[in-house]
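Data block below; observations after.
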2 protein chains.
Amino acid sequence: MTESESESKFLKSYNPKDFDSPLCTVDMAIIAVEAGELKVLLVQRSEHPHKGCWALPGGFADLKRDNSIEATAHRKLAEKTGIKTPYLEQVESIGNAMRDPRGWSITLLYFALIDFEALSIKEGAVTGSEQTQWMSIHDALKCELAFDHALLLRKAINRLRNKTRYTALPISLMPETFTLTELQTMFELILGTSLQKKSFRRRLEASGLLIGSGDMRSTARRPAALFKRSDSFKSDHVFPGLLDVEIESL
Amino acid sequence: MTESESESKFLKSYNPKDFDSPLCTVDMAIIAVEAGELKVLLVQRSEHPHKGCWALPGGFADLKRDNSIEATAHRKLAEKTGIKTPYLEQVESIGNAMRDPRGWSITLLYFALIDFEALSIKEGAVTGSEQTQWMSIHDALKCELAFDHALLLRKAINRLRNKTRYTALPISLMPETFTLTELQTMFELILGTSLQKKSFRRRLEASGLLIGSGDMRSTARRPAALFKRSDSFKSDHVFPGLLDVEIESL
DNA sequence: ACTTATAAGTGTCTTTATGACACCCAAGAT
DNA sequence: ATCTTGGGTGTCATAAAGACACTTATAAGT
């Protein structure tokens with residue numbers, strides 16, 4: 001019997017269900033800004049365990065439909081928000097015997113950043129049988145989320161805060177065009193500190209990530225130049241230096 | 001029936017095996033330096049699939065013995081190297097339908113850095129029925145590793161290289177005491193570039209991570225001061241600035 | 001029409017950290 | 001005694017962020 005015959009015979013008699021295997025899920029921290037606050041999308045669990053609790057959206061990979069875990073994450077995101085091309089990043093995987101009463105379980109945590117205004121499914125929408133809600137990060141961390149989802153949310157926010165110090169990530173939360181002050185406000189909102197206007201503009205200027213759209217935003221004051229993402233824009237662009245703010249680890 | 005009675009009834013009738021669940025493993029890139037080369041610990045697979053191929057050590061979480069995936073990683077590491085307190089970090093999780101012929105599979109990739117000299121199990125050791133080997137990174141990436149382990153190894157090395165630019169991580173690869181030149185050589189080996197002696201020493205001096213051990217190393221030339229980790233040492237210490245080297249993404 | 005408040009946007013000096021590189025120093029080898 | 005060699009330092013240049021004052025444009029109020 002050749003090696004490859006031996007291997008195919010082995011595979012034929014192999015059944016994954018013969019082994020004890022942990023539960024394996026994908027959970028998502030979907031983050032947007034609305035009304036000047038960082039918010040996260042939560043769903044109310046319609047099934048046990050933790051029935052009735054608010055939780056991060058997520059669930060099992062559908063082995064028939066999803067070719068990879070990123071596909072699962074994209075599918076979940078599209079189901080909840082209608083958004084197809086978000087900023088999506090894997091944060092970490094947490095697995096242990098205690099986090100789910102059903103038994104040993106692992107979750108792959110993703111976080112997504114989206115422009116709230118681009119949402120096709122908004123406040124209080126009901127997808128399937130589940131109630132969904134945008135809740136401010138602050139409230140979400142206080143309100144007894146299901147499982148260890150408060151921990152997961154903290155991990156996602158910490159990642160977002162850290163990356164905001166040295167990358168252009170928050171631009172993913174902005175609409176098509178925006179002013180530099182609006183963008184700076186977004187950074188400040190995420191970091192929870194105020195930033196130096198000059199330094200902020202210098203970084204962006206030097207990065208070449210944005211170009212003026214030509215238009216101006218006329219508000220009650222002096223009009224502000226509108227910018228949009230340039231051709232060379234990448235949301236994970238790394239600036240040469242860190243913003244010197246100390247972030248409170250949640 | 002109260003909510004909690006309803007929930008416990010649900011849990012009693014719940015069987016994880018009722019659902020299609022992916023295979024879920026932990027794989028490890030265990031890295032050390034020997035003979036002036038970055039090396040990775042590989043095991044030769046004694047079972048199908050990919051029987052006979054070299055692979056990163058790893059395997060299924062033992063739901064009976066391991067309380068968490070970190071516990072699984074620590075156990076695997078101790079089994080292969082005898083080392084209990086390494087630098088250990090989760091890199092990423094990869095899951096898709098193609099990476100394992102047995103079916104949809106997810107792996108949680110960890111990487112560990114250890115001081116080769118502190119190993120209790122060395123070259124060519126046989127643990128259980130598996131042959132193990134330390135192979136240079138360069139060779140390992142060329143030699144057709146099992147599954148997608150070449151990809152996993154590249155991800156681990158890229159992470160190591162990136163972190164070496166702005167953290168003190170490589171100190172985890174050093175013995176108890178060492179000279180600054182030896183440490184710099186370690187950084188250079190990982191990054192694949194030479195570094196400025198002065199800049200390198202300044203960063204470490206300013207960090208307060210090391211203190212002189214009092215002793216000197218007497219070689220054929222001028223003796224060099226020996227240093228050890230100070231009380232405030234943390235391997236994930238972040239330096240204020242980046243080392244300005246461009247690293248070839250593998 | 002003039003003034004004022006306010007947000008947009010700029011000029012410029014300081015501070016911090018790394019890069020570059022020349023120089024000095026200590027010990028064994030000759 | 002001198003040479004060689006790697007250990008270790010002094011110092012100026014450069015890059016990027018921080019601090020902060022200043023100018024500018026607009027709408028609203030008088």
Side-chain angles (χ1 to χ4, degrees), chain A residues 36 162-168 170 174 177-189 191 193-227 237-247, chain B residues 36 162-168 174 177-189 191 193-228 237-247:
Chain A
N162 270 310
K163 284 214 160 180
T164 297
R165 290 184 65 200
Y166 63 95
T167 74
M174 303 303 288
T177 68
F178 47 87
T179 69
L180 292 181
T181 303
E182 285 162 3
L183 182 59
Q184 181 172 343
T185 302
M186 176 64 76
F187 273 74
E188 290 174 337
L189 216 131
L191 293 171
T193 342
S194 61
L195 298 173
Q196 290 288 336
K197 185 165 50 169
K198 191 59 201 273
S199 311
F200 186 80
R201 284 159 185 251
R202 248 189 327 221
R203 282 160 73 95
L204 281 156
E205 170 72 45
S207 75
L209 293 173
L210 304 179
I211 48 170
S213 74
D215 297 322
M216 299 293 253
R217 166 151 304 159
S218 327
T219 58
R221 309 294 160 203
R222 173 174 178 175
L226 284 167
F227 288 82
H237 171 84
V238 175
F239 293 110
L242 290 209
L243 291 174
D244 182 22
V245 298
E246 84 287 4
I247 58 183
Chain B
N162 269 310
K163 284 214 160 182
T164 297
R165 289 184 65 199
Y166 62 95
T167 74
M174 303 303 288
T177 68
F178 47 86
T179 69
L180 292 181
T181 304
E182 284 162 3
L183 183 59
Q184 181 172 344
T185 302
M186 178 64 76
F187 273 74
E188 290 174 337
L189 216 132
L191 292 171
T193 342
S194 61
L195 298 173
Q196 290 288 335
K197 185 164 52 167
K198 189 60 201 267
S199 311
F200 186 79
R201 284 158 187 251
R202 246 186 332 220
R203 304 171 105 210
L204 281 157
E205 170 72 46
S207 74
L209 292 174
L210 303 180
I211 48 171
S213 73
D215 296 323
M216 300 293 252
R217 166 150 305 159
S218 326
T219 58
R221 307 294 160 205
R222 174 176 176 174
L226 283 167
F227 288 82
K228 60 182 182 187
H237 170 85
V238 175
F239 293 110
L242 292 209
L243 291 175
D244 182 24
V245 298
E246 84 288 2
I247 58 184

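Just so it is clear, the structure is predicted and the values come from calculations on it, not from any experiment. Chain letters run A, B, ... following the sequence lines, proteins first, then strands; residues in each count from 1.
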Response to the item:
Comparing nearest nucleotides in DNA chain D, the 5'-proximal residue of the pair A/M216, B/T219 is B/T219

Worksheet entry | Rounded distance (Å) that lies between atom P of C/dT15 and atom CD of A/Q196 | 14 Å

Fill in: Options D/dA25, D/dA19, C/dA7, nucleotide nearest the side-chain atoms of A/R221
C/dA7

Worksheet item: Out of C/dA20, C/dC13, D/dC20, which nucleotide sits closest to the side chain of A/R202?
Response: C/dC13

Worksheet item: How many Å lie between CG on B/L243 and C1' on D/dA15, as a whole number?
Response: 15 Å

Fill in: B/F178 vs B/L210 side-chain heavy atoms within contact, under 4.5 Å
yes

Response to the item:
The nucleotide from C/dG9, D/dG7, D/dA17 with an atom nearest the side chain of B/K197 is D/dG7

Worksheet item: Below 3.5 Å, does any donor atom in the side chain of A/K198 face an acceptor in the base of C/dG11, or the other way round?
Response: yes

Practice prompt. Return the value, rounded to whole Å, for the distance between atom CD of A/Q184 and atom P of C/dG9.
Written response: 11 Å

Response to the item:
Taken to the nearest whole Å, CD/A/E205 to P/D/dA17 is 13 Å

Item to complete: Provide, to the nearest angstrom, the distance between the CZ atom belonging to A/F200 and the P atom belonging to C/dT10.
Response: 14 Å

Practice prompt. Would you kindly give the CZ-to-P distance between B/R203 and C/dA17, to the nearest whole Å?
Written response: 11 Å

Worksheet item: Counting any heavy atom closer than 4.0 Å, what does A/A206 reach on the DNA or RNA strands: base, sugar-phosphate only, or nothing?
Response: nothing

Practice prompt. For the residue pair B/L243 and B/T164, establish whether any side-chain heavy-atom pair is separated by less than 4.5 Å.
Written response: no

Worksheet item: Roughly how far apart are A/F187 CZ and A/L180 CG, rounded to 0.5 Å?
Response: 11.0 Å

Discussion item. As an exercise, state the distance from CE of A/M186 to OG1 of A/T181, rounded to the nearest 0.5 Å.
Written reply: 13.5 Å

Worksheet item: To the nearest Å, how far apart are A/D244 CG and D/dA19 C1'?
Response: 12 Å

Discussion item. What I want to check is whether an N or O donor and acceptor connect the side chain of B/R222 with the base of D/dG7 at under 3.5 Å.
Written reply: yes

Worksheet item: Looking across every strand, which nucleic acid part, if any, lies under 4.0 Å from A/T181 by heavy atom: base, sugar-phosphate, or nothing?
Response: sugar-phosphate

Response to the item:
When rounded to whole Å, the CZ to C1' distance for the pair B/F239 and C/dT16 reads 16 Å

Item to complete: Give a yes or no answer on whether the side chain of B/R203 reaches the backbone of B/P240 with a donor-acceptor pair at less than 3.5 Å.
Response: no

